[in-house]
There are 2 protein chains.
Amino acid sequence: MAAVLPLADLQGQVRRVSWLNSIIKGDCVAALEALPDHSVDAIFADPPYNLQLGGTLHRPDQSLVDAVDDDWDQFSSFEVYDAFTRAWLLACRRVLKPNGTIWVIGSYHNIFRVGAIMQDLNFWLLNDIVWRKVNPMPNFKGRRFQNAHETMIWASRDAKAKSYTFNYDALKASNEDVQMRSDWLFPICSGSERLKDDDGKKVHPTQKPEALLARVIMSSTKPGDVILDPFFGSGTTGAVAKRLGRNFVGIEREQDYIDAAAARIAAVEPLGKAELTVMTGKKAEPRVAFNALIEAGLVRPGQVLTDARRRFSAIIRADGTLSANGEAGSIHRLGAKVQGFDACNGWTFWHFDDGQSLKPIDELRTVIRNDLAKLD
Amino acid sequence: MAAVLPLADLQGQVRRVSWLNSIIKGDCVAALEALPDHSVDAIFADPPYNLQLGGTLHRPDQSLVDAVDDDWDQFSSFEVYDAFTRAWLLACRRVLKPNGTIWVIGSYHNIFRVGAIMQDLNFWLLNDIVWRKVNPMPNFKGRRFQNAHETMIWASRDAKAKSYTFNYDALKASNEDVQMRSDWLFPICSGSERLKDDDGKKVHPTQKPEALLARVIMSSTKPGDVILDPFFGSGTTGAVAKRLGRNFVGIEREQDYIDAAAARIAAVEPLGKAELTVMTGKKAEPRVAFNALIEAGLVRPGQVLTDARRRFSAIIRADGTLSANGEAGSIHRLGAKVQGFDACNGWTFWHFDDGQSLKPIDELRTVIRNDLAKLD
DNA sequence: AATATGGATGAATCGATTG
DNA sequence: TCAATCGATTCATCCATAT
């Protein structure tokens, strides 16, 4: 895992997909040109934030704040930063599969430019997600609000791409059975998770917490997917992807970061298949025709169905349709019609009387589905 | 208060500052041209969001969602929206005092374009503030994360303006003696605060809560300051400004909104000097997702949970659900399922073995809650 | 008079499959 | 490619009505 390939080696090996689960050394845009079109399922990008720091910053006790002042975060103007942003986003767009999605994280220094450029390039914004930091750095001068969050943009390749991966049911089940919101709460990366060098200095100034990446990856990818991180840094994306049974591709310029990331990822133990199975909902279940209930003898032609409160009733016909008040149609169409609605889920609307109580015909569909499950 | 002046009247009366505490009827940019340079201390702008809605949306109960489809929110392209944004921001910049600040609120549909243009026009971003909605509208189709926040940008007129108003100590004192963070929690505007017409219909589709405006105004203005709102709508800015002893200027095109806002503001009773302090409310115990335990490392995927008497067991999966006997679900659903019940409190039912004894996972939730207690 | 229940609603870029 | 069909999908809160 996590072999480090110079760009030259990579280009000769694309056919064997040797770039899977490796870190490509080189400039982001140039390295991306070596990847095939539509070759990755998802992208997580943590680009330079273009922080505009005036001078040095001291805490109230006069200790020096170790700010992000690396060369890679220096841009001479918004125009230069915009050109850089457009270039790497375009390159990412080409390698992204048509139904793939991209995540970009940033702060108020850069995220507005990034978001506008994403829209200009026809990415279709699905959500902006707020990472609320449990333990953000205070504002030492007391001149602003404490900058306690960062923003992530989640987008599909274009507006027409409707089949992107979103594990809605799993997220909901893991969140007290209510849907996951756009504001997430996580601690910043610190303690034993934070990579340090031999001198105890942090390896990377903006290492992201694994919990954040875990939710990103669990929500919008499937096991076996390929996740690209064009600004790999300390390799959080790769470490979490490996642990969660996904593949990764990282791009990084600095050898120190590559070395630290490769060692980190090598130490990761992937989870087993059982632990990685994702909870799915009804949408993922096989379709069952209402006719199958008749054929299985679970309901019979002539039988009366009603809604849960017995306000409406209909008769089952031998062809698998229902009739009521001289009208006929599928369980869905007729359910909609009697209520005066445009649409209706007939499976949950229509009920049958089992002698004791009214039960939705959806329970009979479950019987059929359980029988089907034994066959494979 | 709140006299409504047609633009023509205004221009002849500028010297007497007759526009103070009034609503100017007219187009935003044209009306702004009639105001003197450097004449307002702060600006709060709630521009059109440029929502691009495909068709109609129904709730699961088939009721129709009353979407924002007003003419004033329709733009033919990003270019047109950008030009509009640049025009009103430039006009605002001219009337803003050198040490004044501006707030702009938006959603992911427009806020990235707005923020980038503000930077291009040399506004200096001080913070982005996240309004976390207590009670946002759900995502009915389960295709995205629940869009549970909006974003505000707070900026000074330019980078050199260091003497802007920021009531740091008052905010801190009103916030349990810790710095005010960049993520704010407020309910949406509803109930008796929401303006309704005689038919019970909402007067304005996007009326903002007064609590939100109150924090904006208390944090970045002084009593007696002039606050401009170039998209006045239902007049929340004016109502809160009057109550908090500030002056306002509103600009609005639609007569219906002007009438409603004028009546609303007329009914406001200004607070006395002593009462101009911010109130905060403690919320009930925060909801904790089971996923938070995994993300915090308190439990791990693959780990086995049992009930208190070890009659039932289940395995934790990486997506935050449990699985047992080929079935899966949330801690609550699966707890109910294995027992054959309709419902179950998974927090007290499922236990983990800490090496000495079985303990309910509810104890781990307490650990998380203690961390959270600092935040809400 | 409290409490319970049902309905309404909010800045929303909100399908997938088959014929 | 388009049209028809199947059938999946909601949270917190407020208010009106019923018990």
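Predicted, not measured: the structure shown is a model, and the values here were computed from it. Lettering follows sequence order; numbering is per chain, from 1.
- Salt bridge status for B:Arg113 with A:Asp120: present, with a side-chain N to carboxylate O gap under 4.0 Å.
- Only B:Leu53, B:Gly55, B:Thr56, B:Leu57, B:Arg59, B:Val65, B:Asp66, listed by number, bring a heavy atom of residues 53-66 of chain B to less than 4.0 angstrom from any atom of DNA chain C.
- The pair A:Arg309-A:Asp307 fails the salt-bridge criterion, with no side-chain N (NZ, NE, NH1 or NH2) lying under 4.0 Å from an Asp/Glu carboxylate O.
- Nucleic acid contact for A:Arg181: none, since no nucleic acid atom lies under 4.0 Å from a heavy atom of the residue.
- For B:Gln146, counting side-chain heavy atoms from C-beta on, the closest listed nucleotide (D:dC11, C:dA11, D:dG7) is D:dC11.
- Counting non-hydrogen atoms of other residues, nucleotides and ligands closer than 6.0 Å to CZ of B:Arg253 gives a total of 12 or fewer.
- Residue-level contact check: A:Asp169 touches the backbone only, with heavy atoms under 4.0 Å from sugar-phosphate atoms and none from bases.
- Using a 4.0 Å cut-off on heavy atoms, none of the residues of residues 196-210 of chain B approach DNA chain D.
- No engagement by B:Arg113 is indicated, since no non-hydrogen atom pair under 4.0 Å with the nucleic acid exists.
- Legend: salt bridge (Lys or Arg N to Asp or Glu O under 4.0 Å) pairs involving residues 314-342 of chain A, not counting sequence neighbours, sorted by first then second residue: A:Glu327-A:Lys337.
- Between B:Arg132 atom CZ and D:dC11 atom P the separation is 17 Å, expressed in whole Å.
- Few gaps surround NZ on B:Lys202; more than 12 heavy atoms of other groups in view lie less than 6.0 Å from it.
- When the nucleotides D:dT9, D:dT10, C:dG10 are ranked by their closest atom to the side chain of B:Met137, C:dG10 comes out on top.
- D:dG7 and C:dC14: their P atoms are spaced 23 Å apart (whole Å).
- Note on A:Leu125: a base of the nucleic acid sits closer than 4.0 angstrom, heavy atoms only.
- Checked for salt-bridge contact, A:Asp169 and A:Lys282 miss the test: no charged N lies under 4.0 Å from a carboxylate O.
- Of the candidate nucleotides D:dC11, C:dA16, C:dA12, D:dC11 has the atom nearest to the side chain of B:Pro138.
- A:Arg309 has its CZ atom 11 Å from the C1' atom of C:dG7, to the nearest Å.
- In the set C:dA11, C:dA12, C:dG15, the nucleotide with an atom closest to the side chain of B:Arg143 is C:dG15.
- In terms of position along DNA chain D, the nucleotide closest to A:Cys344 lies nearer the 5' end than the nucleotide closest to the other residue of the pair A:Asp177 and A:Cys344.
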**Report entry** Paired and unpaired positions of DNA chain D as dot-bracket, Watson-Crick or G-U wobble under 3.5 Å, | denoting a partner strand
**Finding:** .|||||....|||||||||
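- Within a 6.0 Å radius of CG in A:Asn370, more than 12 heavy atoms belonging to other residues, nucleotides or ligands are found.
- Taking the six-membered ring for Trp, B:Trp88 and B:Phe231 have ring centres closer than 6.0 Å.
- Between B:Lys201 and B:Asp197 there is no salt bridge, since no side-chain nitrogen of the basic residue lies less than 4.0 Å from a carboxylate oxygen of the acidic one.
- Atom name C1', nucleotides D:dT10 and C:dG10: the rounded distance is 12 Å, in whole Å.
- Distances shown here put every side-chain N or O of A:Tyr164 at or beyond 4.0 Å from the OP1 or OP2 atom of C:dA16.
- Per the geometry, CD belonging to B:Glu193 stands 14 Å off C1' belonging to D:dT13, to the nearest Å.
- Ring centroid separation for the pair B:His204 and B:Trp72 comes in under the 6.0 Å cut-off.
- Cation-pi contact between B:Arg143 and A:Tyr164: present, with separation from the ring centre below 6.0 Å and deviation from the ring axis of at most 45°.
- Each of B:Pro136 and B:Asn139 lies near DNA chain C, and the nucleotide nearest B:Pro136 is the one positioned closer to the 5' end.
- Rounded to whole angstrom, the span from the CZ atom of A:Phe341 across to the C1' atom of D:dG7 amounts to 15 Å.
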Below 3.5 Å between N/O atoms, which protein atoms pair up with nucleotides 1-6 of chain D? Just atom names and distances, please.
unit_1, atom_1, unit_2, atom_2, d
D:dC6, OP2, A:Ser330, OG, 3.0

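- Ring pair A:Phe312/A:Phe349 is tilted by interplanar angle, where 30° to 60° counts as tilted.
- In terms of phosphate contacts, A:Arg365 brings a side-chain nitrogen or oxygen within less than 4.0 Å of OP1 or OP2 of D:dA8.
- The interatomic distance linking A:Gln179 (CD) with D:dA8 (P) rounds to 18 Å, in whole Å.
- The distance between atom NZ of A:Lys172 and atom P of D:dT9, rounded to the nearest whole Å, is 8 Å.
- Residue A:Lys283 contributes atom NZ, which lies 11 Å from atom P of C:dT17 at whole-angstrom precision.
- Rounded to a whole angstrom, the distance from the C1' atom of D:dA18 to that of C:dA1 is 14 Å.
- Checking D:dA8, C:dA11, C:dG10 against the side-chain heavy atoms of A:Ala343 singles out D:dA8 as nearest.
- Both the sub-6.0 Å distance and the 45° axial angle are satisfied by A:Arg215 relative to the ring of A:Trp184.
- More than 12 heavy atoms of other residues, nucleotides or ligands shown are found within 6.0 angstrom of CG on A:Asn291.
- Note on ring orientation: taking the six-membered ring where Trp is involved, the planes of B:Tyr81 and B:Phe75 are perpendicular (angle over 60°, cut-offs 30° and 60°).
- B:Arg59 has no carboxylate O lying under 4.0 Å from a charged side-chain N of B:Asp61, or vice versa, which leaves the two without a salt bridge.
- The minimum heavy-atom distance linking B:Glu210 with B:Glu193 is given by the pair N-OE2, 2.7 Å.
- Listed by residue number, the members of residues 152-162 of chain A with any heavy atom below 4.0 angstrom from DNA chain C are A:Lys162.
- Comparing D:dT10, D:dT13, C:dA11 by their closest approach to the side chain of B:Val134 singles out D:dT13.
- Residue B:Pro187 is out of contact with every strand shown, counting any heavy-atom pair closer than 4.0 Å.
- The side-chain contact (heavy atoms from CB on, under 4.5 Å) test with B:Met152 is passed by exactly one of B:Val104, B:Asp128, B:Leu212, B:Val130: B:Leu212.
- Between A:Phe166 atom CZ and D:dT9 atom C1' the separation is 13 Å, expressed in whole Å.
- A salt bridge links B:Lys208 to B:Asp46: one of the charged nitrogens lies within less than 4.0 Å of a carboxylate oxygen.
- Between A:Asn345 and D:dA8, a side-chain N or O to OP1/OP2 separation shorter than 4.0 Å is present.
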